[in-house]
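Here is how names work: the chains are called A, B, and so on, in the same order as the sequence lines, proteins then strands, and each is numbered from 1. Values reported hereafter were calculated over all heavy atoms of this structure, with side chains retained and with hydrogens, waters and symmetry mates removed.
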2 protein chains.
Amino acid sequence: MGSAPKPLTSRQLASLLGVSQSAVSRAFTPGSSISADLRERILNGANEHDYRPNAIASMLTKRRTNIVGIVVSDMQNPFYPALIERLTQGLQRAGLQSLLFNITRGANIEDQMIAIRTYNVDAVVVIAATILNPRTLMWATEGRRSVLLNRLGQDDIDTVCCDNVDGARAIVDHLHSIGCRRVGYVAGLTKTAVGMTRHSAFTTRLAELGMRLTGTASGGVYSYDAGWRGALELLPERPDAIFFASDILALGGLDALKREGAAGDIATVGFDDIPMASWPGYALTTYRQPIDAIVSKTVDLIVAENPETPRQHLLVGDLVVRASTVPDVTPGLHPQP
Amino acid sequence: MGSAPKPLTSRQLASLLGVSQSAVSRAFTPGSSISADLRERILNGANEHDYRPNAIASMLTKRRTNIVGIVVSDMQNPFYPALIERLTQGLQRAGLQSLLFNITRGANIEDQMIAIRTYNVDAVVVIAATILNPRTLMWATEGRRSVLLNRLGQDDIDTVCCDNVDGARAIVDHLHSIGCRRVGYVAGLTKTAVGMTRHSAFTTRLAELGMRLTGTASGGVYSYDAGWRGALELLPERPDAIFFASDILALGGLDALKREGAAGDIATVGFDDIPMASWPGYALTTYRQPIDAIVSKTVDLIVAENPETPRQHLLVGDLVVRASTVPDVTPGLHPQP
DNA sequence: ACATTGGTTGCAAGCGTATTCATTGGAGCC
DNA sequence: GGCTCCAATGAATACGCTTGCAACCAATGT
């Protein structure tokens, strides 16, 4: 690793090839006014001399960075790493890079927001379910395209979100169809729009089908431990099923029920379909979030010239039935990836 | 969200305040030659007029982006999201942002490498255990600081890596101490330096203690499924313990053993200490990678002016004993985060 | 009183590319 | 052939900031 062999500039390449600097620039700009001959000559020359346009300089003049800021807070919930992975890949396919802003609970959010602005990202995708209050958020994203993922917001911000109402209904319908009538609920973050939507859609559907809500435990956070505690909290009421607001909660809850020897008697359902839900040790029935659709919709919104209306996009997923509600579903090992 | 209210430039702010543009620049540059008075006046004015230096322009002149490229490939293994989260936070604390390059198996790695160069990141951290061959890597990181994480490399590249030899020895010693004598091994990626190191240190120590290696299964990848298959493969030899090259393998293996009713008879050990290892349902004994030390060492290397020598940094972790090897260790729920 | 010093400040020259504007040359047309 | 018109090219400027350089001023030493 010898230190910087100082890359060629467009001007240097131009004089090497006996053309103007503008010609070099145009050769690399699709659709610009340049003859096919010249362009090819320049591109060949560039290749030969190992020239590559400096993206920083180009950002300065074009006022476009081709960088998307991704604001994340909750990497503990395995759903998010999976989402982030797919999202960055989707963005890459569209020629965009991902700058990760990791909002830490209690840390100086201000600084992060300032960074978002000074780095001039073209767009911001907010995955952080909580922490960010709307005002801070608006300030940070002012003047640039922004998309909220799995987080509802004001009408004037693009939002891509799993259809929680459909999900909650599908889950309740399933529980009803297998004979459950007394159902408990373990919440995650209760103050978020997503949390409230899942909860209310759930209870509404319960009522419609004449089922009984035996109790609600508020986890306060999406974590294994919270699910464990939530399940234990609901146990005394002897529900015949428990709906956990997310898979990670459900896994904790399932383990708690197993420990208590109650897992066989209580059907458990999660939400998200994280990889672990399909592990034979859990075989969790859950509502699969349509990650691919979420990602492609998000990328579409970001690269679109003009905002669509309406700006709230709900995408439906599928119910995935596994042994945690229907024990005879074969919990065999799924095929190798 | 009205469209861009076009931010102030340093020159505009300067004329607003009746100072020179250079003064504004210096006010924002720590350690530059400017009086405390003037700096304060300018910073106040900047605040008032909502001025903020344009990072892009600054990158162009300073030839520094304050951006670190993070090359990742294996987000399926939960250890990596955890590492990435801590790493981005550590970098943020040092004033660096993280640009995520997600190398997808079989995709156009070339394009990614080109992106790394054109975006002029100051440094590159490579977490991808595989896929990238050394030549491509050298090309991409040419002229900029780079650190390989948990991946050994040539002597002339900085490397930060968990001490796999210490880990493997600690694990074997532990197995020996609890009376195991016939041990099986489930490998992950067998062609990587890390994989080979763990394997050889493991077998060496086995031999030293006069224990018997009953068999080796090569998972080929770090995944739950591979662990499941590996465990089943080793079962016929009736080992009294199995060492899995990573936790994610171990979890799959543990579930397979439970399914076969063999979990009680076979001590299982993993490597990494991912969050799931501590779940009561698994309670996996494992060797904890010193993530904090890894991260801070990495950040140190990146911000250091001059490369240290030697450039290979091995960090030791700790053995974490849980019920998967010592059943009477209380597998109770660990305290809430 | 005068030269020297050192800390402040402004001026101006970049950093590497995109793009406007003017110029040129040739094709096409009557 | 003279004209228009358009595509292709280059010169020049802008993008917003950093920094070397020179000018300046006050304080200090003799």
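Note: OH (B:Y119) to P (C:dG16) measures 19 Å, nearest angstrom. At whole-Å resolution of the value, CZ in A:R64 and P in D:dC15 are 19 Å apart. In this structure, B:F28 places its CZ atom 15 Å from P of D:dT19, rounding to the nearest Å.
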Per-pair distances, 0.1 Å, donor-acceptor, side chain in residues 54-63 of chain A, under 3.5 Å, sequence neighbours excluded:
| from | atom 1 | to | atom 2 | distance (Å) |
| --- | --- | --- | --- | --- |
| A:N54 | OD1 | A:I56 | N | 2.7 |
| A:N54 | OD1 | A:A57 | N | 3.3 |
| A:T61 | OG1 | A:S58 | O | 3.2 |

Side chains of residues 18-27 of chain A: which donor-acceptor pairs under 3.5 Å do they make with residues two or more places apart or in other chains?
| from | atom 1 | to | atom 2 | distance (Å) |
| --- | --- | --- | --- | --- |
| A:S20 | OG | A:S22 | N | 3.4 |
| A:S20 | OG | A:S22 | OG | 3.4 |
| A:S20 | OG | A:A23 | N | 3.2 |
| A:Q21 | NE2 | A:S10 | OG | 3.3 |

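Contact detail for B:V160 and B:K297: the closest heavy-atom pair is CG2-CG, 3.9 Å.
Looking at residues two or more places apart in sequence or on another chain, you find no ring-ring contact (aromatic ring centres under 6.0 Å, His included) involving B:Y119.
Counting any heavy atom pair closer than 4.0 Å across all strands shown, A:R11 reaches a base atom.
For A:D122 and A:T65, the side-chain atoms include at least one donor-acceptor pair closer than 3.5 Å. Checking B:Q312 against B:D158 by side-chain atom types alone, no donor-acceptor pair falls below 3.5 Å.
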Quiz item: Could you walk me through whether B:L314 and B:V316 pass the side chain to side chain contact (heavy atoms under 4.5 Å, CB included) check?
Solution: CA-CA 7 Å; B:L314 287 184; B:V316 302; over 6 Å; no
Quiz item: Would B:I127 and B:L83 satisfy side chain to side chain contact (heavy atoms under 4.5 Å, CB included), going step by step from the backbone distance to the final call?
Solution: CA-CA 9 Å; B:I127 306 188; B:L83 180 56; 4.2 Å; yes
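Across residues 31-42 of chain A, not one residue has a non-hydrogen atom less than 4.0 Å from an atom of DNA chain C. Of the residues in residues 13-26 of chain A, A:Q21, A:S22, A:S25, A:R26 come within less than 4.0 Å of DNA chain C through at least one heavy atom, sorted by number. Shown for residues 48-62 of chain A: residues whose heavy atoms fall under 4.0 angstrom of DNA chain D, namely A:L60, A:T61.
Here B:R11 contributes atom CZ and B:L16 contributes atom CG; the two are 14.0 Å apart, rounded to the nearest 0.5 Å.
Residues A:V124 and A:V68 are not in side-chain contact: their nearest non-hydrogen atoms beyond the backbone lie 4.5 Å or more apart.
A salt bridge is absent between A:D37 and A:R39; no separation between the charged side-chain nitrogens and carboxylate oxygens falls under 4.0 Å.
At the phosphate of D:dG16, OP1 or OP2 sits under 4.0 Å from a side-chain N or O atom of A:R63.
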